[in-house]
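Starting from 1, each residue takes its place in the sequence as its number. Remember, predicted model here, so these are calculated numbers, not experimental data. We use all heavy atoms of the structure for the numbers below, so side chains are in, but hydrogens, waters and symmetry mates are not.
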Amino acid sequence: VLIRHTRDNGPGLVAALSASAARECAEGFAAMCRPAQDAYEQASSLEDFRARLEVMKLPPEQLADAMANAMMVAELAGEAMVLDQMRADG
């Protein structure tokens with residue numbers, strides 16, 4: 001049943017998971033983006049940029065969650081593409 005549902009609804013499931021992951025990650029990215037961009041623009045070197053980021057105490061757990069969700073969605077998108085191709089090939 002799960003295989004049939006995934007085969008029939010794969011692209012829709014990927015889209016739903018993508019939207020869900022984006023909502024979950026939005027808060028963490030919002031907290032990081034502007035300060036990190038400011039640090040980048042003000043840094044005189046890569047080492048300076050790294051030092052500026054370390055002082056900021058950005059929420060690494062939220063970034064890790066966002067990356068894990070993005071990787072999961074990418075994997076599911078790949079699987080959906082394979083399922084679509086299998087369906088097209090008969």
Side-chain angles (χ1 to χ4, degrees):
V1 173
L2 179 60
I3 292 170
R4 175 182 278 168
H5 182 74
T6 302
R7 182 181 63 228
D8 294 341
N9 300 297
L13 291 172
V14 171
L17 286 170
S18 297
S20 175
R23 282 192 305 275
E24 290 174 9
C25 300
E27 183 179 319
F29 280 130
M32 288 182 259
C33 286
R34 183 75 248 168
Q37 185 174 3
D38 289 344
Y40 174 75
E41 291 171 357
Q42 296 167 3
S44 60
S45 66
L46 183 57
E47 291 78 19
D48 183 29
F49 180 50
R50 177 193 235 165
R52 289 172 185 266
L53 290 177
E54 287 176 0
V55 178
M56 288 181 180
K57 306 285 189 228
L58 298 174
E61 298 83 16
Q62 290 176 326
L63 179 59
D65 288 346
M67 294 302 294
N69 285 335
M71 290 171 53
M72 177 190 66
V73 169
E75 183 176 339
L76 289 172
E79 290 176 6
M81 288 174 54
V82 168
L83 290 171
D84 286 345
Q85 186 62 45
M86 290 171 61
R87 184 174 30 224
D89 291 345

So, using side chain to side chain contact (heavy atoms under 4.5 Å, CB included) as the criterion, who are the partners of S45 when residues are at least two apart?
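Scan of S45 (side chain to side chain contact (heavy atoms under 4.5 Å, CB included), adjacent residues dropped) gives E47, D48.
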
So do the side chains of L53 and R50 get within less than 4.5 Å of each other, counting heavy atoms only?
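Result no, sub-4.5 Å side-chain heavy-atom pair not found.
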
Contacts of type side chain to side chain donor-acceptor pair (under 3.5 Å), residue D38, not counting sequence neighbours:
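Result, side chain to side chain donor-acceptor pair (under 3.5 Å) vs D38: R34.
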
With sequence neighbours left out, write down each residue that passes side chain to side chain donor-acceptor pair (under 3.5 Å) with E54, or none if nothing qualifies.
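By the side chain to side chain donor-acceptor pair (under 3.5 Å) rule, E54 matches no residue at all.
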
Heavy-atom closest pair, residues A39 and R52
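Result for this residue pair: O-CD, 3.6 Å.
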
Would you mind listing every ring pair (Phe, Tyr, Trp, His ring centres under 6.0 Å) that reaches into residues 39-59, with sequence neighbours excluded?
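Residue pairs passing ring pair (Phe, Tyr, Trp, His ring centres under 6.0 Å), neighbours aside: Y40-F49.
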
